[in-house]
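First listed ligand is number 1; within each ligand, the first listed atom is number 1. We count residues from 1, following the sequence as given.
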Amino acid sequence: MPQPDVTVIVLAAGAGTRMRSATPKVMHPIAGRPLVWHALAAAAGITPTHLVAVLGHGREQVTGFLATATDLPPVISGVQEQQLGTGHAAACGLDALRARIGTVSGTVIVTSGDTPLLRAETLELLARTHADAGNAVTVLTATVADPTGYGRIVREADGTVSRIVEHRDADDEQRAIREINSSVYAFDAAVLVDTLPRVGTSNSQGEQYLTDVLALARADGHRVGAVIADDAMETEGVNDRAQLAALARVLNDRIVRRHQLAGVTILDPVSTWIDADVTIGADSVLEPGVQLKAGTSIGRDCRIGPDTTLSGCTLGDDVAITRSHCIDARVGDGADVGPFAYLRPQTVLHHGAHVGAHVEIKKSTIGPGAKVPHLTYLGDAEVGAGSNIGAGVITANYDGVHKFPTVIGEHVFVGTNSTLVAPVTLADGSYVAAGSTVTQDVAAGDLAVARGRQHHSRGWVLRRRADSRYADAARRAGAGNGAEQPAGQPDGADDKDSPA
Ligand code: UD1
Ligand code: MG
């Protein structure tokens, strides 16, 4: 567990030039959360006494995000107006903390906002090793196949860490070192406070490097040590979009595995993307091509996919969603959706509801056991228990300026291809005939028929399309021989009637 007095400072002020983005680097999301969230969440995992984020480039965006991040503990924001280097950034973090609490004591852990795979367990190991070894500085390192771009860990002949050299400042011999600086450190607070002001800028970038604190502390006679991360991936930083995608892949693998070990069947981990905060009940099955985005929670025994995206959705148990796209929808126990359904925000499906193919629903409630099986749009509608909405039914909820509600009671039967012109109410147990355009409320138990009556021009084809294949077909079927009298009410030949 955490040391008695541990502060974590997350450095997140850099511009992230290599991202080539208008968005500050640490606000780029992976697994549905900004990079800086991952860094802060890992830090929060060791329950530090204080949690500090040093912000600079694009800090309005970062503070705006932090204000809404209810899943993080309170964060003290330090400001680094100009990005003069990681050493300067750490000093800005200490300044913010001192302004809040006075003297800083104990252990100060510094991490980077762009290192999203770092786990709390690893921070804890770092803090423990730091304390057990009585170090003044302990750096988390990793041995990697390609150390290009990273600071290298230079060790003495006896194996102790002597200093860190940045890639761009390193000579060939140093560049051959494959042990890299993760930019995660534990410092004795007093040593950090004492050495930071002495960090110079004589390096290729003219910046104040936090890495220089190691050599300064060592020169002062303090113990400097290192913890080599078991999994080098944890120390990888995001500096460009290729690394962003690579680390997102690794984080996703981790998340998928966590759900698998918790009892979720995930048929194709490679094509399944799950955001960090998603919850899934045991014995649920994810088919290939599923994306579960932030704010989604899924109950037990659900079957999702293939090729389905859920964002901000809450699903009960035993729900099936096939090839569909759903945003901010709630789906009750035993309901099923799709294929090819589009559930938009504020859609609520109660238990056992059925939404079928090519159905779009927005801001509507579908009652228990109600069915919307095919080709329908429902907007601003309420559908009661057990009602059946026929194929092709559309709520005309928008007059170009305002939206209006459609209220459909329990056990209502709406015939296919009907248009319900809102505001309109269909009371419990009412019927709407197929093809109706309903503009008036329908009372309980009534049948509304709101369509043109069918009429027939007897023998029209034989007269007006006499030499056509249509007329031939009609004659073959007996038309014109006086024997035929099909269903329908002849209305007296109206030769002017034309379908065209
Ligand atoms: C840094 C380390 C390098 C290490 C690598 C690991 C230094 C000098 N170098 O290099 O040894 O191998 O991380 O990923 O520390 N930041 C600020 N203010 C600044 C500069 C940076 O807040 O003035 C923040 C950035 O937002 C970022 C972190 O510090 O979160 C690291 O900065 P970055 O520019 O990515 O450093 P690297 O070149 O990756
Ligand atoms: Mg970096």
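In this structure, atom 27 (C) of ligand 1 lies nearest to the protein heavy atom Leu11 O, 3.8 Å. Closest to atom 22 (O) of ligand 1 among all protein heavy atoms lies Ala13 N, 2.8 Å. Annotation: atom 1 (C) of ligand 1 to nearest protein heavy atom, Ser183 OG, 4.0 Å. Nearest protein neighbour of atom 14 (O) of ligand 1, counting heavy atoms only, is Tyr150 CE2, 3.8 Å. For atom 31 (C) of ligand 1, the nearest non-hydrogen atom of the protein is Ser112 OG, 3.6 Å.
Taking CD1 of Ile109 as the start and OH of Tyr185 as the end, the distance is 13.0 Å to the nearest 0.5 Å. Summarising the geometry, atom CZ belonging to Arg241 is positioned 4.5 Å from atom OG belonging to Ser21; distances are rounded to the nearest 0.5 Å. For the atom pair Arg344 CZ and Ile327 CD1, the distance stands at 8.0 Å (nearest 0.5 Å). Atom OG of residue Ser364 and atom OH of residue Tyr377 lie 6.5 Å apart, to the nearest 0.5 angstrom. Once rounded to the nearest 0.5 Å, the distance linking OG1 of Thr308 with CZ of Arg323 reads 8.0 Å. To the nearest 0.5 angstrom, Ser324 atom OG is 12.0 Å from Glu360 atom CD.
Aromatic ring orientation, Tyr342 versus His325: perpendicular (interplanar angle above 60°, classes split at 30° and 60°).
Looking at Leu210 next to ligand 1, no N or O pair under 3.5 Å apart turns up. Residue contacts with ligand 1: Asn181 is placed with a nitrogen or oxygen under 3.5 Å of a nitrogen or oxygen of the ligand (distance criterion only). By the 3.5 Å distance cut-off applied to N or O atoms, Gln80 is counted among the residues near ligand 1.
Near Gly151, meaning under 4.0 Å from any of its heavy atoms, are these atoms of ligand 1: 3 (C), 4 (C), 11 (O), 12 (O). Every atom of ligand 1 with a heavy atom of Thr211 under 4.0 Å away is listed here by number and element: 7 (C), 11 (O), 15 (O). The Glu166 neighbourhood of ligand 1 comprises atoms 2 (C), 3 (C), 7 (C), 8 (C), 9 (N), 10 (O), 11 (O), with distances under 4.0 Å to a heavy atom of that residue. Each of the atoms 23 (O) of ligand 1 lies under 4.0 Å from some heavy atom of Leu84. Those atoms of ligand 1 that come under 4.0 Å of a heavy atom in Tyr209, given as number and element, are 8 (C). Near Asn239, meaning under 4.0 Å from one of its heavy atoms, ligand 1 places the atoms 35 (O), 39 (O). Residue contact check: Lys25 has heavy atoms under 4.0 Å from atoms 35 (O) of ligand 1. Per-residue contacts place Ser182 under 4.0 angstrom from the following atoms of ligand 1 (heavy atoms of the residue considered): 6 (C).
With respect to Thr365, the side-chain contact (heavy atoms from CB on, under 4.5 Å) criterion is satisfied by exactly one of Leu378, Val348, Thr347: Val348.
Considering only heavy atoms from C-beta on, Leu97 stays 4.5 Å or farther from Val108 through its side chain.
A salt bridge links Arg98 with Asp95; the closest basic N to acidic carboxylate O contact falls under 4.0 Å.
For the residue pair Thr160 / Arg218, a side-chain donor-acceptor distance below 3.5 Å is found, with atom types taken as modelled.
Put simply, part of Asp114 is less than 4.0 Å from ligand 1, judged by heavy atoms. Under a 4.0 angstrom heavy-atom cut-off, Arg18 registers as being in contact with ligand 1.
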Q | Verdict with reasoning, Lys403 to Asp380, per salt bridge (Lys or Arg N to Asp or Glu O under 4.0 Å) | A | CA-CA 8 Å; Lys403 303 276 170 70; Asp380 307 297; 5.4 Å; no
Q: Could you give me the CA-CA distance, side-chain angles and deciding distance for Glu121 and Arg119, then say whether salt bridge (Lys or Arg N to Asp or Glu O under 4.0 Å) is met?
A: CA-CA 5 Å; Glu121 290 82 347; Arg119 293 175 311 129; 3.8 Å; yes
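In the candidate list Val165, Thr86, Val110, Thr141, Thr86 is nearest to atom 15 (O) of ligand 1, counting heavy atoms. One option in Gly85, Ala89, Gly78, Gly14 has a heavy atom closer to atom 23 (O) of ligand 1 than any other, and that option is Gly85.
With the Mg ion (ligand 2) at the apex, Asp114 OD2 and Asn239 OD1 define an angle of roughly 90° (rounded to 10 degrees).
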